[in-house]
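Structure first, commentary second.
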Protein chains: 2
Amino acid sequence: MSKDNPKADISNAEFEVLDVLWDDYPATSSDIVERLNRKKPWHDKTVKTLLSRLVKKGVLDFDKAQRQYLYRPLIAREDYTKKEATSFVSRLFKGKVAPLVAGFANQNSLSQQDVDELKALIKQWEQNND
Amino acid sequence: MSKDNPKADISNAEFEVLDVLWDDYPATSSDIVERLNRKKPWHDKTVKTLLSRLVKKGVLDFDKAQRQYLYRPLIAREDYTKKEATSFVSRLFKGKVAPLVAGFANQNSLSQQDVDELKALIKQWEQNND
DNA sequence: ACAGATCGACTACAAATGTAATCATAACAT
DNA sequence: ATGTTATGATTACATTTGTAGTCGATCTGT
(Lines give C-alpha, C1' and ligand atoms only; values in the text may rest on other atoms or scores of the structure.)
Protein backbone atom coordinates (compact mmCIF):
# COMPACT_ATOMS: atom_id res chain seq x y z
CA MET A 1 0.00 0.00 0.00
CA SER A 2 1.22 3.46 -0.79
CA LYS A 3 2.19 6.01 1.77
CA ASP A 4 -0.49 8.53 0.95
CA ASN A 5 -3.48 7.01 2.70
CA PRO A 6 -3.71 8.75 6.07
CA LYS A 7 -4.53 5.71 8.12
CA ALA A 8 -5.19 8.03 10.92
CA ASP A 9 -7.40 7.51 13.78
CA ILE A 10 -7.43 11.10 14.81
CA SER A 11 -7.98 11.47 18.52
CA ASN A 12 -10.13 14.15 20.04
CA ALA A 13 -7.26 16.32 21.12
CA GLU A 14 -5.59 15.87 17.77
CA PHE A 15 -8.75 16.88 16.03
CA GLU A 16 -8.87 20.20 17.85
CA VAL A 17 -5.45 20.96 16.52
CA LEU A 18 -6.32 19.93 13.02
CA ASP A 19 -9.47 21.97 13.24
CA VAL A 20 -7.75 25.27 13.82
CA LEU A 21 -5.14 24.45 11.23
CA TRP A 22 -7.88 23.98 8.67
CA ASP A 23 -9.09 27.46 9.48
CA ASP A 24 -5.96 28.92 7.98
CA TYR A 25 -2.79 27.31 6.79
CA PRO A 26 0.08 26.93 6.47
CA ALA A 27 0.71 27.88 10.04
CA THR A 28 3.49 27.57 12.54
CA SER A 29 3.09 25.77 15.80
CA SER A 30 2.92 29.04 17.65
CA ASP A 31 0.15 30.25 15.37
CA ILE A 32 -1.70 27.13 16.22
CA VAL A 33 -1.07 27.41 19.91
CA GLU A 34 -2.32 30.92 19.82
CA ARG A 35 -5.52 30.00 18.03
CA LEU A 36 -6.20 27.14 20.37
CA ASN A 37 -5.62 29.33 23.37
CA ARG A 38 -8.48 31.57 22.41
CA LYS A 39 -10.67 28.70 23.38
CA LYS A 40 -8.77 26.49 25.75
CA PRO A 41 -5.56 26.87 27.69
CA TRP A 42 -3.38 24.26 26.19
CA HIS A 43 0.24 24.10 27.02
CA ASP A 44 2.44 24.76 24.09
CA LYS A 45 4.33 21.52 24.63
CA THR A 46 1.10 19.64 24.46
CA VAL A 47 0.20 21.18 21.16
CA LYS A 48 3.61 20.36 19.72
CA THR A 49 3.21 16.78 20.77
CA LEU A 50 -0.13 16.63 19.04
CA LEU A 51 1.32 18.18 15.92
CA SER A 52 4.07 15.58 15.83
CA ARG A 53 1.61 12.79 16.26
CA LEU A 54 -0.49 14.12 13.44
CA VAL A 55 2.54 14.28 11.21
CA LYS A 56 3.49 10.75 12.10
CA LYS A 57 -0.02 9.63 11.34
CA GLY A 58 0.15 11.19 7.93
CA VAL A 59 -2.54 13.75 8.62
CA LEU A 60 -0.27 16.76 8.39
CA ASP A 61 2.95 17.65 6.75
CA PHE A 62 5.18 20.67 7.02
CA ASP A 63 7.79 22.70 5.22
CA LYS A 64 10.66 24.23 7.04
CA ALA A 65 10.88 27.97 7.13
CA GLN A 66 14.20 28.57 8.77
CA ARG A 67 13.93 26.99 12.12
CA GLN A 68 10.17 26.79 12.27
CA TYR A 69 7.81 24.41 10.59
CA LEU A 70 4.91 25.47 8.47
CA TYR A 71 2.24 22.91 8.92
CA ARG A 72 -0.49 22.07 6.47
CA PRO A 73 -3.20 19.42 6.45
CA LEU A 74 -2.93 16.52 4.07
CA ILE A 75 -6.61 15.84 4.15
CA ALA A 76 -9.41 18.26 3.43
CA ARG A 77 -11.83 19.15 6.16
CA GLU A 78 -14.73 18.31 3.87
CA ASP A 79 -13.43 14.86 3.18
CA TYR A 80 -12.77 14.20 6.78
CA THR A 81 -16.11 15.39 8.05
CA LYS A 82 -17.95 13.54 5.35
CA LYS A 83 -16.23 10.31 6.21
CA GLU A 84 -16.73 10.77 9.92
CA ALA A 85 -20.36 11.66 9.47
CA THR A 86 -20.95 8.56 7.43
CA SER A 87 -19.38 6.33 9.98
CA PHE A 88 -21.10 8.10 12.85
CA VAL A 89 -24.51 7.79 11.29
CA SER A 90 -23.86 4.23 10.40
CA ARG A 91 -22.88 3.34 13.95
CA LEU A 92 -25.62 5.18 15.78
CA PHE A 93 -28.45 5.40 13.30
CA LYS A 94 -28.09 2.34 11.13
CA GLY A 95 -26.82 4.58 8.38
CA LYS A 96 -29.98 6.62 8.00
CA VAL A 97 -29.66 10.32 8.45
CA ALA A 98 -33.31 11.15 8.98
CA PRO A 99 -33.47 9.76 12.52
CA LEU A 100 -30.54 11.91 13.45
CA VAL A 101 -32.32 14.96 12.17
CA ALA A 102 -35.44 13.81 13.98
CA GLY A 103 -33.50 13.90 17.21
CA PHE A 104 -32.58 17.49 16.55
CA ALA A 105 -36.11 18.38 15.65
CA ASN A 106 -37.72 17.01 18.77
CA GLN A 107 -35.05 18.60 20.85
CA ASN A 108 -35.88 22.00 19.45
CA SER A 109 -32.45 22.24 17.93
CA LEU A 110 -33.60 23.09 14.47
CA SER A 111 -33.64 26.71 13.42
CA GLN A 112 -35.58 28.21 10.59
CA GLN A 113 -32.33 28.47 8.74
CA ASP A 114 -31.60 24.79 9.17
CA VAL A 115 -35.01 23.98 7.84
CA ASP A 116 -34.56 26.25 4.87
CA GLU A 117 -31.27 24.65 4.08
CA LEU A 118 -32.73 21.20 4.37
CA LYS A 119 -35.54 22.14 2.05
CA ALA A 120 -33.07 23.44 -0.48
CA LEU A 121 -31.09 20.23 -0.26
CA ILE A 122 -34.17 18.18 -0.81
CA LYS A 123 -35.26 20.22 -3.77
CA GLN A 124 -31.82 19.79 -5.26
CA TRP A 125 -31.86 16.10 -4.59
CA GLU A 126 -35.21 15.72 -6.24
CA GLN A 127 -34.04 17.52 -9.33
CA ASN A 128 -31.18 15.09 -9.63
CA ASN A 129 -33.32 12.05 -8.98
CA ASP A 130 -36.34 11.76 -11.16
CA MET B 1 -22.86 15.56 42.70
CA SER B 2 -24.96 12.47 43.00
CA LYS B 3 -23.91 9.09 41.79
CA ASP B 4 -26.64 8.65 39.23
CA ASN B 5 -25.27 10.75 36.42
CA PRO B 6 -23.58 8.33 34.08
CA LYS B 7 -20.44 10.32 33.53
CA ALA B 8 -19.50 7.76 31.05
CA ASP B 9 -17.27 8.18 28.19
CA ILE B 10 -18.36 5.06 26.46
CA SER B 11 -15.61 3.63 24.34
CA ASN B 12 -16.19 2.11 20.93
CA ALA B 13 -15.99 -1.45 22.11
CA GLU B 14 -18.19 -0.66 25.07
CA PHE B 15 -20.73 0.87 22.78
CA GLU B 16 -21.03 -2.29 20.73
CA VAL B 17 -21.95 -4.14 23.87
CA LEU B 18 -24.43 -1.55 24.96
CA ASP B 19 -25.89 -1.53 21.51
CA VAL B 20 -26.90 -5.18 21.52
CA LEU B 21 -28.13 -4.90 25.06
CA TRP B 22 -30.46 -2.13 24.01
CA ASP B 23 -31.89 -4.48 21.41
CA ASP B 24 -33.36 -6.63 24.13
CA TYR B 25 -32.89 -6.60 27.84
CA PRO B 26 -32.45 -7.66 30.53
CA ALA B 27 -29.92 -10.08 29.22
CA THR B 28 -27.21 -12.28 30.62
CA SER B 29 -23.62 -11.94 29.58
CA SER B 30 -23.90 -15.06 27.50
CA ASP B 31 -26.92 -13.67 25.68
CA ILE B 32 -24.86 -10.66 24.90
CA VAL B 33 -21.86 -12.63 23.82
CA GLU B 34 -24.06 -14.63 21.54
CA ARG B 35 -25.59 -11.57 19.94
CA LEU B 36 -22.24 -9.97 19.44
CA ASN B 37 -20.86 -13.09 17.89
CA ARG B 38 -23.36 -12.93 15.09
CA LYS B 39 -21.38 -9.99 13.87
CA LYS B 40 -17.89 -10.22 15.27
CA PRO B 41 -15.95 -12.92 17.04
CA TRP B 42 -15.38 -11.47 20.43
CA HIS B 43 -13.94 -13.54 23.18
CA ASP B 44 -16.36 -14.05 25.99
CA LYS B 45 -13.86 -12.75 28.54
CA THR B 46 -13.55 -9.59 26.54
CA VAL B 47 -17.26 -9.03 26.60
CA LYS B 48 -17.39 -9.62 30.34
CA THR B 49 -14.68 -7.07 30.88
CA LEU B 50 -16.60 -4.56 28.84
CA LEU B 51 -19.76 -5.28 30.79
CA SER B 52 -17.95 -4.69 34.06
CA ARG B 53 -16.53 -1.46 32.82
CA LEU B 54 -19.93 -0.28 31.75
CA VAL B 55 -21.32 -1.12 35.15
CA LYS B 56 -18.50 0.74 36.84
CA LYS B 57 -19.14 3.70 34.61
CA GLY B 58 -22.77 3.74 35.63
CA VAL B 59 -24.05 2.92 32.18
CA LEU B 60 -25.44 -0.47 33.07
CA ASP B 61 -26.72 -2.19 36.13
CA PHE B 62 -27.74 -5.76 36.80
CA ASP B 63 -29.85 -7.95 38.99
CA LYS B 64 -28.69 -11.30 40.09
CA ALA B 65 -30.62 -14.30 38.90
CA GLN B 66 -28.99 -17.16 40.74
CA ARG B 67 -25.43 -17.12 39.70
CA GLN B 68 -25.83 -15.03 36.60
CA TYR B 69 -26.36 -11.35 36.17
CA LEU B 70 -29.18 -9.84 34.25
CA TYR B 71 -27.91 -6.67 32.75
CA ARG B 72 -29.95 -3.66 31.78
CA PRO B 73 -29.01 -0.23 30.48
CA LEU B 74 -29.36 2.78 32.74
CA ILE B 75 -29.59 5.15 29.87
CA ALA B 76 -31.96 5.01 26.96
CA ARG B 77 -30.63 4.55 23.48
CA GLU B 78 -32.58 7.57 22.31
CA ASP B 79 -31.08 9.79 24.94
CA TYR B 80 -27.63 8.58 24.25
CA THR B 81 -27.83 8.91 20.50
CA LYS B 82 -29.40 12.32 20.78
CA LYS B 83 -26.66 13.56 23.02
CA GLU B 84 -23.93 12.07 20.92
CA ALA B 85 -25.43 13.46 17.75
CA THR B 86 -25.60 16.91 19.25
CA SER B 87 -22.02 16.82 20.33
CA PHE B 88 -20.86 15.32 17.07
CA VAL B 89 -22.63 17.92 14.98
CA SER B 90 -21.36 20.64 17.22
CA ARG B 91 -17.78 19.47 16.91
CA LEU B 92 -17.71 18.82 13.20
CA PHE B 93 -20.39 21.07 11.78
CA LYS B 94 -20.54 24.03 14.10
CA GLY B 95 -23.79 22.67 15.44
CA LYS B 96 -25.71 22.87 12.21
CA VAL B 97 -27.22 19.70 10.92
CA ALA B 98 -27.89 20.77 7.36
CA PRO B 99 -24.24 20.64 6.29
CA LEU B 100 -24.06 17.11 7.54
CA VAL B 101 -27.05 16.16 5.46
CA ALA B 102 -25.52 18.00 2.55
CA GLY B 103 -22.52 15.73 2.80
CA PHE B 104 -24.78 12.72 2.52
CA ALA B 105 -26.62 14.22 -0.39
CA ASN B 106 -23.63 14.97 -2.49
CA GLN B 107 -22.21 11.58 -1.71
CA ASN B 108 -25.31 9.89 -3.08
CA SER B 109 -26.08 8.48 0.30
CA LEU B 110 -29.63 9.69 0.46
CA SER B 111 -32.39 7.29 -0.46
CA GLN B 112 -35.89 8.18 -1.48
CA GLN B 113 -36.97 6.97 1.91
CA ASP B 114 -34.56 9.28 3.69
CA VAL B 115 -35.87 12.16 1.69
CA ASP B 116 -39.45 11.26 2.46
CA GLU B 117 -38.68 11.09 6.11
CA LEU B 118 -36.91 14.40 6.04
CA LYS B 119 -39.85 15.99 4.30
CA ALA B 120 -42.18 14.62 6.93
CA LEU B 121 -39.97 15.98 9.67
CA ILE B 122 -39.92 19.37 8.08
CA LYS B 123 -43.65 19.45 7.65
CA GLN B 124 -44.04 18.53 11.27
CA TRP B 125 -41.58 21.18 12.33
CA GLU B 126 -43.39 23.81 10.34
CA GLN B 127 -46.67 22.92 11.94
CA ASN B 128 -45.14 23.43 15.35
CA ASN B 129 -43.43 26.64 14.40
CA ASP B 130 -45.64 29.23 12.87
C1' DA C 1 -20.49 -37.27 45.38
C1' DC C 2 -17.26 -35.86 42.14
C1' DA C 3 -15.41 -33.97 37.64
C1' DG C 4 -15.88 -30.75 34.51
C1' DA C 5 -18.17 -26.52 32.84
C1' DT C 6 -19.43 -21.87 33.78
C1' DC C 7 -19.79 -17.49 36.20
C1' DG C 8 -18.18 -13.26 37.95
C1' DA C 9 -13.86 -11.07 40.20
C1' DC C 10 -9.50 -9.88 39.67
C1' DT C 11 -5.24 -9.43 37.15
C1' DA C 12 -2.42 -8.58 32.89
C1' DC C 13 -0.47 -6.10 29.50
C1' DA C 14 0.45 -3.53 25.16
C1' DA C 15 -1.14 0.48 22.51
C1' DA C 16 -3.32 4.87 22.34
C1' DT C 17 -4.20 9.17 24.49
C1' DG C 18 -3.82 13.39 27.27
C1' DT C 19 -0.69 16.16 29.12
C1' DA C 20 3.47 17.73 29.67
C1' DA C 21 9.02 18.12 30.94
C1' DT C 22 13.79 17.85 29.41
C1' DC C 23 17.40 18.46 26.03
C1' DA C 24 20.14 20.09 22.33
C1' DT C 25 20.34 23.67 19.17
C1' DA C 26 19.67 27.79 16.79
C1' DA C 27 18.25 32.70 16.84
C1' DC C 28 18.00 37.01 19.15
C1' DA C 29 18.99 40.84 22.23
C1' DT C 30 22.41 43.34 24.38
C1' DA D 1 30.49 37.11 22.43
C1' DT D 2 27.20 35.73 25.60
C1' DG D 3 23.20 34.94 28.16
C1' DT D 4 18.34 34.22 27.07
C1' DT D 5 14.71 32.48 24.47
C1' DA D 6 12.18 29.82 21.28
C1' DT D 7 12.02 25.41 18.47
C1' DG D 8 11.64 20.85 17.39
C1' DA D 9 13.18 16.05 19.16
C1' DT D 10 12.99 12.96 22.60
C1' DT D 11 11.39 11.18 26.82
C1' DA D 12 7.90 10.66 30.60
C1' DC D 13 4.07 9.07 32.79
C1' DA D 14 -0.77 8.25 34.29
C1' DT D 15 -5.16 6.85 32.29
C1' DT D 16 -8.06 4.60 29.02
C1' DT D 17 -8.90 1.07 25.84
C1' DG D 18 -8.74 -3.40 23.52
C1' DT D 19 -8.16 -7.85 24.41
C1' DA D 20 -7.76 -11.41 27.10
C1' DG D 21 -5.99 -14.92 31.14
C1' DT D 22 -6.31 -16.80 35.93
C1' DC D 23 -8.75 -17.90 40.14
C1' DG D 24 -12.12 -19.34 43.33
C1' DA D 25 -16.88 -20.57 43.69
C1' DT D 26 -20.92 -22.67 42.02
C1' DC D 27 -23.76 -25.47 39.03
C1' DT D 28 -24.54 -29.63 36.27
C1' DG D 29 -24.25 -34.08 34.36
C1' DT D 30 -23.45 -38.76 35.59
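The figures that follow rest on heavy atoms only: side chains count, while hydrogens, waters and symmetry mates do not.
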Extract all donor-acceptor atom pairs below 3.5 Å that involve side chains of residues 89-102 of chain A and protein atoms in other chains or at least two apart in sequence.
| unit_1 | atom_1 | unit_2 | atom_2 | d |
| --- | --- | --- | --- | --- |
| A/Arg91 | NH2 | B/Asn12 | OD1 | 3.4 |

For a quick check, with a 4.0 angstrom heavy-atom cut-off, what is the B/S/- contact string for nucleotides 20-30 of chain D, read 5' to 3'? BBB--BBS---

Angle, rounded to 10°, between the helical axes spanning five pairs at each terminus of the helix from C/dA1-D/dT30 to C/dT30-D/dA1?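 The two end axes of the helix from C/dA1-D/dT30 to C/dT30-D/dA1 meet at 0°.
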
Between A/Lys48 and B/Ala13, name the one whose nearest nucleotide on DNA chain D is closer to the 5' end.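 Result of the comparison: A/Lys48.
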
Reading DNA chain C 5' to 3', which nucleotide is the first, and which the last, to come under 4.0 Å of any heavy atom in chain A?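 For DNA chain C, the relevant span reads C/dT17 to C/dA27.
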
B/Gln112, CD atom: more than 12 neighbouring heavy atoms under 6.0 Å: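 Correct, the count exceeds 12.
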
Please check if the number of heavy atoms outside B/Phe88 that lie under 6.0 Å from its CZ is greater than 12.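 Counting neighbours around CZ of B/Phe88, more than 12 heavy atoms of other residues, nucleotides or ligands fall under 6.0 Å, so yes.
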
Round to the nearest Å and state the distance from [X] atom [atom1] to [N] atom [atom2].
X       : N      : atom1 : atom2 : value
A/Leu50 : D/dT7  : CG    : P     : 17 Å
B/Phe15 : D/dT17 : CZ    : C1'   : 17 Å
B/Glu16 : D/dT19 : CD    : P     : 10 Å

A/Thr28 vs D/dT7: side-chain N/O to OP1/OP2 distance below 4.0 Å: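 Negative; the distance criterion is not met.
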
With a 4.0 Å limit, can you tell me whether A/Tyr69 has a side-chain N or O closer than that to the phosphate oxygens OP1/OP2 of D/dA9?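 Answer yes for this pair, as a side-chain N or O of A/Tyr69 is under 4.0 Å from OP1 or OP2.
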
Side-chain touch [X]/[Y], heavy atoms, less than 4.5 angstrom:
X       : Y       : value
B/Lys64 : B/Leu70 : no
A/Val17 : A/Leu21 : no
A/Glu34 : A/Val20 : no
A/Ile10 : A/Ile75 : yes
A/Leu60 : A/Arg72 : no

Table please: side-chain donor-acceptor pairs of residues 39-49 of chain A below 3.5 Å, with sequence neighbours left out.
| unit_1 | atom_1 | unit_2 | atom_2 | d |
| --- | --- | --- | --- | --- |
| A/His43 | ND1 | A/Lys45 | N | 3.1 |
| A/Thr49 | OG1 | A/Lys45 | O | 3.0 |

Assign A/Ser52 to base, sugar-phosphate, or nothing according to its heavy-atom contacts below 4.0 angstrom with the strands shown.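 Result for A/Ser52 = nothing.
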
Across the strands shown, which category fits A/Asp44 at heavy-atom distances under 4.0 angstrom: base, sugar-phosphate, nothing?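 If one applies the 4.0 Å heavy-atom cut-off, A/Asp44 turns out to touch nothing in the nucleic acid.
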
How are the rings of B/Tyr71 and B/Phe62 set to each other: parallel, tilted or perpendicular (split at 30° and 60°)?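 Geometry flag for B/Phe62 against B/Tyr71: perpendicular rings.
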
Is it true that A/Glu16 and A/Arg35 have a side-chain N and a carboxylate O under 4.0 angstrom from each other?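 Salt bridge between A/Glu16 and A/Arg35, a charged N being under 4.0 Å from a carboxylate O: no.
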
For residues B/Ala85 and A/Phe104, report the shortest heavy-atom separation together with the two atoms involved.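 Looks like O-CZ, 3.9 Å.
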
Closest non-hydrogen atom pair between B/Ser29 and B/Leu51, with its separation: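 Of all heavy-atom pairs spanning B/Ser29 and B/Leu51, the closest is CB-CD1, 3.6 Å.
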
Among residues 17-25 of chain A, which contact DNA chain D at a heavy-atom distance under 4.0 Å?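 Contacting residues: none.
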
